[in-house]
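Written out below as structure tokens is the structure these notes cover.
Proteins get letters first, then strands, A, B, ... in listed order; numbering begins at 1 in each.
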Amino acid sequence: MKTRFAPSPTGHLHIGGARTALFNFLLSRNAGGEFVLRIEDTDAARSEAAYTEDILRALDWLGIVHDGEPVFQSRRAEIHRELTERMLAAGKAYHCHCSQERIDEIRKSALERKEKPRYDGKCRNLGLPAAPGSVVRFKSPETGETFWNDLIKGPVSFANEELDDLVMVRADGLPTYNWAAVADDHSMGITHVVRGDDHVNNTPRQILLYEALDAPIPAFGHVPMILGGDKKRLSKRHGATSVMAYEEAGYLPEALANYLARLGWSSGDREIFSMDEMIKLFSLSSVGKSAAIFDKDKLDWLNSHYIKESSPSRLASLLLPRFEEKGYANPGEKVLEEIVLTVRERGKTLAEMARKADFYFRKTLTLNPGDAKKLLTPEGKDILRSFVEPLRNAAPSDEDFNRLLETLAASRGVGKGAVAQPLRLALTGETASPGLSDIGRILGPEVVTQRINAALEHEA
RNA sequence: GUCCCCAUCGUCUAGCCUGGCCCAGGACGACGGCCUUUCACGCCGUUAACACCGGUUCAAAUCCGGUUGGGGACGCCA
């Protein structure tokens with residue numbers, strides 16, 4: 001088995017493409033086959049090397065590894081030319097001299113008549129030679145039916161009369177998508193073509209091309225689309241669609257990969273899969289046939305699951321750049337890991353964790369006026385003052401701190417929460433935070449005292 | 001418009017091929033509760049679906065037909 005992922009470098013690798021790549025990867029690895037990457041860069045105007053880089057980086061980040069070096073379609077012109085000659089020589093293709101204007105006219109009037117636009121075959125039997133500006137068209141069978149048993153959708157068939165004579169080679173000599181894909185998949189020995197649903201209509205054309213080439217026809221599998229919340233094809237307006245945007249937003253690669261796999265594929269009731277487990281369990285027959293809506297909430301859940309499972313040292317090294325970006329000094333591995341431990345279960349993404357850990361690093365805190373007004377009342381400051389002495393020297397253990405809260409609360413006849421909140425605001429600038437004894441330990445007595453004093457001086 | 005595909009809780013899905021174990025299971029979310037120094041985490045519980053119509057059958061989410069709805073494709077883009 002040999003599968004491939006064949007993106008065109010005309011944009012970032014997006015969620016849908018990543019899932020297609022993942023399925024190809026899982027399929028081939030499951031069967032012990034090969035998985036290759038082919039960059040379809042025949043559209044010189046829109047292709048950019050930077051996008052190729054992005055695609056490579058994104059696949060690598062997700063843990064989707066291809067075999068061998070990436071293949072660039074633009075460098076296979078010789079093979080394409082050869083195969084085109086073969087088709088021409090066999091009378092399976094012909095030169096077409098119809099002008100762009102004529103083609104546009106045909107399409108326009110067909111649409112006006114509410115018909116399916118298609119080439120009328122004017123040059124089909126003229127035996128025209130190649131000429132400047134001419135294209136090569138496929139002599140598509142006019143009768144019969146093209147059928148294949150889709151690996152995901154099951155039996156699919158098209159009446160050949162629905163298909164017109166597609167352009168194989170453009171006027172500039174470069175092959176069009178359908179022809180290049182067939183020529184490459186054939187010459188590269190691809191056995192299984194797994195791609196997006198939007199290619200279903202190309203498949204009968206491609207099968208006809210294989211037949212004309214007298215080449216073995218690969219198995220096809222069409223993965224359903226990923227939709228946005230409005231059931232429209234997922235696009236930028238639904239939010240982030242590029243894979244690397246998810247890295248920036250603080251998602252773990254295993255979470256995204258797991259989520260993407262479960263979007264369309266399933267294995268019983270199971271939700272959590274490592275890449276190895278997915279490889280072991282994957283099968284195209286358990287990929288659903290219907291489109292799926294991208295659900296960020298579920299991705300978030302998976303991400304927090306994997307964050308909770310990650311070691312503090314891994315999270316610390318992932319978080320460090322986010323702190324350095326804000327100009328904070330590296331407090332050292334040990335402290336960083338302690339900080340991580342206090343925010344690991346409080347953030348769904350690395351970005352959220354960093355945000356919740358921000359107060360540890362700040363030189364001075366900015367108190368929300370509303371919170372300050374509510375908590376730094378004369379009584380609140382009085383409570384705060386009572387913390388000064390006990391916290392002056394060493395940070396108490398969690399147990400001792402809890403006892404301190406109890407004592408303070410009891411002496412005032414209030415709950416522990418009532419005494420903890422002013423201190424929380426003083427130490428973190430927030431009313432929600434990690435546990436106070438952890439914070440006290442990480443900040444150290446000096447900073448704790450300093451922050452309490454700053455809060456005491458705060459004018460409501 | 002034409003062609004192709006799809007149709008189970010709000011969402012991802014199991015079950016469908018090989019009808020009965022399904023008055024439909026799991027997960028996310030939402031809601032409620034417990035835990036608790038706050039916020040989370042965790043735990044417990046609740047909510048909610050076989051699109052519709054007809055047929056086959058003793059029996060249909062499961063098989064067949066139709067309807068409706070949704071998506072995709074109709075480029076010298078990929």
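Taking atom P on both nucleotides, B:A24 is separated from B:C52 by 15 Å, rounded to a whole Å. Nucleotides B:G20 and B:C63, compared at atom P, are 11 Å apart to the nearest Å.
In this structure, A:His305 and A:Trp301 have tilted ring planes: the angle between them lies in the 30° to 60° band.
Between B:C74, B:C76, B:A27, one nucleotide has an atom nearer to the side chain of A:Pro117 than all others, and that is B:C74. Closest to the side chain of A:Lys308, from the set B:A27, B:U37, B:G42, is B:G42. Checking B:A78, B:C12, B:C3 against every side-chain atom of A:Glu271, the shortest atom distance belongs to B:C12. With distances taken from any side-chain atom of A:Leu405 to the nucleotides B:C4, B:C12, B:U37, the minimum falls on B:U37. Nearest nucleotide to the side chain of A:Asn402, out of B:U37, B:U2, B:G72: B:U37. With B:C28, B:C39, B:A78 as the candidates, the nucleotide lying closest to the side chain of A:Asp297 is B:C28. Checking B:C28, B:G71, B:U37 against the side-chain heavy atoms of A:Ala420 singles out B:U37 as nearest. The side chain of A:Asp43 sits closest to B:A78 out of B:A78, B:U37, B:G72. Comparing B:A78, B:U2, B:C28 by their closest approach to the side chain of A:Asn178 singles out B:A78. The side chain of A:Gln421 lies closest to B:U38, out of B:C28, B:A78, B:U38.
At a threshold of 4.0 angstrom between heavy atoms, the contacts of A:Gly415 with the nucleic acid are absent. Within the 4.0 angstrom heavy-atom criterion, only backbone atoms of the sugar-phosphate kind lie near A:Ser290; the bases stay farther away. Note on A:Pro204: nothing from the nucleic acid sits closer than 4.0 angstrom, heavy atoms only. Residue contacts for A:Val343: at a heavy-atom cut-off of 4.0 Å it reaches no nucleic acid atom on any strand shown. Nucleic acid contact class of A:Asp104 (heavy atoms, under 4.0 Å, all strands): none. Across all strands, A:Val167 comes closer than 4.0 Å only to sugar-phosphate atoms, never to a base (heavy-atom distances). If you check every strand for non-hydrogen atoms under 4.0 Å, A:Glu406 touches nothing. Among the heavy atoms of the strands lying under 4.0 Å from A:Ala292 are primed sugar atoms or P, OP1, OP2 only; no base atom is included. Here A:Asn202 lies in heavy-atom contact (under 4.0 Å) with a base. Within 4.0 Å of A:Glu162, counting heavy atoms only, lie sugar-phosphate atoms of the nucleic acid but no base atom.
Between A:Arg107 and B:C76, a side-chain N or O to OP1/OP2 separation shorter than 4.0 Å is present. Of the side-chain N and O atoms in A:Lys348, none sit less than 4.0 angstrom from OP1 or OP2 of B:C41.
Pair assignment for B:C23: none, as no Watson-Crick or G-U wobble contacts are both less than 3.5 Å. As the counterpart of B:C63, B:G55 is assigned, both hydrogen-bonding distances of the Watson-Crick or G-U wobble pattern falling under 3.5 Å. Of all nucleotides present, only B:A73 satisfies the Watson-Crick or G-U wobble test against B:U2, with each distance under 3.5 Å. For B:G32, the paired nucleotide is B:C44, the pair qualifying as Watson-Crick or G-U wobble because both relevant distances are below 3.5 Å. If you check B:A49 for Watson-Crick or wobble pairing at under 3.5 angstrom, you find it has no partner at all. Across all strands shown, B:A78 forms no Watson-Crick or G-U wobble pair with both key distances under 3.5 Å. Base pairing of B:A7 is made with B:U68, judged by Watson-Crick or G-U wobble geometry with both donor-acceptor distances under 3.5 Å. Pair assignment for B:C17: none, as no Watson-Crick or G-U wobble contacts are both less than 3.5 Å.
A 4.5 Å side-chain heavy-atom check between A:Met168 and A:Asn178 finds every atom pair outside the cut-off. In this structure the side chain of A:Leu22 never reaches within 4.5 angstrom of the side chain of A:Phe282, judged on heavy atoms.
Residues from residues 44-52 of chain A with heavy atoms under 4.0 angstrom of RNA chain B, sorted by number: A:Arg46. For the segment residues 136-151 of chain A, no residue has any heavy atom less than 4.0 angstrom from an atom of RNA chain B.
Residues A:Lys116 and A:Asp164 are not paired through a salt bridge, judged by the lack of any N-O separation under 4.0 Å between the basic side chain and the carboxylate. Classification of A:Glu277 and A:Arg270 as a salt-bridged pair holds, one side-chain N sitting under 4.0 Å from a carboxylate O. Taking a cutoff of 4.0 Å between a charged side-chain nitrogen and a carboxylate oxygen, A:Asp104 and A:Lys108 do not qualify as a salt bridge. Under a 4.0 Å N-O distance rule, the pair A:Glu271/A:Lys298 qualifies as a salt bridge.
The separation between A:Arg195 atom CZ and B:A73 atom C1' is 13 Å, rounded to whole Å. Summarising the geometry, the separation between CZ on A:Arg403 and C1' on B:U37 is reported as 15 Å, rounded to the nearest angstrom. Between the C1' atom of B:U11 and the NE2 atom of A:His238 lies a distance of 14 Å, rounded to the nearest Å. Nucleotide B:U36 holds its P atom 17 Å from the CG atom of A:Leu436, rounded to whole Å. One can place CE of A:Met225 at 18 Å from P of B:G70, the figure rounded to the nearest angstrom. As rounded to whole Å, 12 Å separates atom C1' of B:C39 from atom OH of A:Tyr360. Protein atom CZ of A:Arg118 is 11 Å distant from nucleotide atom C1' of B:C3, rounded to whole Å. With rounding to whole Å, A:Ile39 atom CD1 is found 13 Å from B:A78 atom C1'.
Tested against A:Arg4 for a side chain to side chain contact (heavy atoms under 4.5 Å, CB included), the candidates A:His66, A:Met188, A:Arg195 yield a single pass: A:Arg195.
Geometric assessment of A:Arg262 against the ring of A:Tyr259 yields a negative cation-pi assignment under the 6.0 Å and 45° thresholds.
With hydrogens and angles left out, the side chain of A:Asp197 and the base of B:G72 share no donor-acceptor pair within 3.5 Å.
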Under 3.5 Å, which donor-acceptor pairs do the side chains of residues 135-146 of chain A form with other protein atoms, sequence neighbours left out?
unit_1: A:Arg137; atom_1: NH1; unit_2: A:Asp165; atom_2: O; d: 2.6
unit_1: A:Thr146; atom_1: OG1; unit_2: A:Asn160; atom_2: ND2; d: 2.6

Do any side-chain atoms of residues 434-444 of chain A form donor-acceptor pairs under 3.5 angstrom with protein atoms, and if so which ones, sequence neighbours left out?
unit_1: A:Ser437; atom_1: OG; unit_2: A:Asp398; atom_2: OD1; d: 2.5
unit_1: A:Asp438; atom_1: OD1; unit_2: A:Arg441; atom_2: NH1; d: 2.9
unit_1: A:Arg441; atom_1: NE; unit_2: A:Glu338; atom_2: OE1; d: 2.7
unit_1: A:Arg441; atom_1: NH2; unit_2: A:Glu338; atom_2: OE1; d: 2.9

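Applying the side-chain contact (heavy atoms from CB on, under 4.5 Å) test to A:Asn368 and every residue at least two apart in sequence or in another chain returns A:Asp371. Under the side-chain contact (heavy atoms from CB on, under 4.5 Å) criterion, A:Arg102 pairs with A:Cys98, A:Ser99, A:Ile106, A:Tyr119, A:Asp120, A:Lys122, not counting sequence neighbours.
Judged purely by atom type and a 3.5 angstrom limit, A:Asn24 uses its side chain to pair as donor or acceptor with the backbone of A:Val194.
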